[in-house]
Amino acid sequence: MTIRAIDLQVLIPRVTEVGKVQQIADNQGALQQQQGADQWQKLAAARQQQVQKSPQNAGGKVNADADGKEKHQEENNKGSRRHEDEAEDSPDPIRGHTIDIKT
C-alpha cells in the first residue's frame, strides 16, 4: 500500500486525534473502577454512621402509671423469690455470697 503526499497531509493531523481517543478509551476502565470503589467507600461510611436497630424495650422510659408500678412490684417479688430459690438450691455454699467488683 502506497501513501501519497496528499494522503499524508490528511493523516498527520488525524494521528493526534486518534491518539487522544485511544488514551481516553484506555483510561475509561480504570476511571470506572475508581468510581465504583468511591461509591463503595461512601456506602460503607454511611452504614457505619447509621444507628443499629435498638430493641423496642430499650428506650429507658419510666412507666409512671399505676399499672407500671404494679408490674414493677410483681417483678421485684418474682426476682426475690428466684433469688431465694437459687440460694436454697445452690450446691456451692460460696456462690451468691461474694461479689467481685473490678474498677
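The figures here come from the full heavy-atom set of this structure, side chains too, leaving out hydrogens, waters and symmetry mates.
- Pairs of residues two or more places apart, or lying in two chains, never qualify as salt bridge (charged side-chain N to carboxylate O under 4.0 Å, His left out) while including a residue from residues 39-48.
- The other members of the hydrophobic cluster of W40, by chain and number, are L43 (side-chain heavy atoms under 4.5 Å, ILVMFWY only).
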Q: Begin from the C-alpha positions of L8 and R4 and carry the test side-chain contact (heavy atoms from CB on, under 4.5 Å) through to its verdict.
A: CA-CA 7 Å; L8 282 176; R4 295 176 294 176; over 6 Å; no
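- Within the structure, the salt bridge (charged side-chain N to carboxylate O under 4.0 Å, His left out) test picks out no pair touching residues 11-40 (sequence neighbours left out).
- Residue I24 belongs to no hydrophobic cluster, having no ILVMFWY side-chain heavy atom closer than 4.5 Å to its own.
- For the side-chain hydrogen bond (donor to acceptor under 3.5 Å, both in side chains) test, no residue two or more places apart in sequence or in another chain qualifies with D7.
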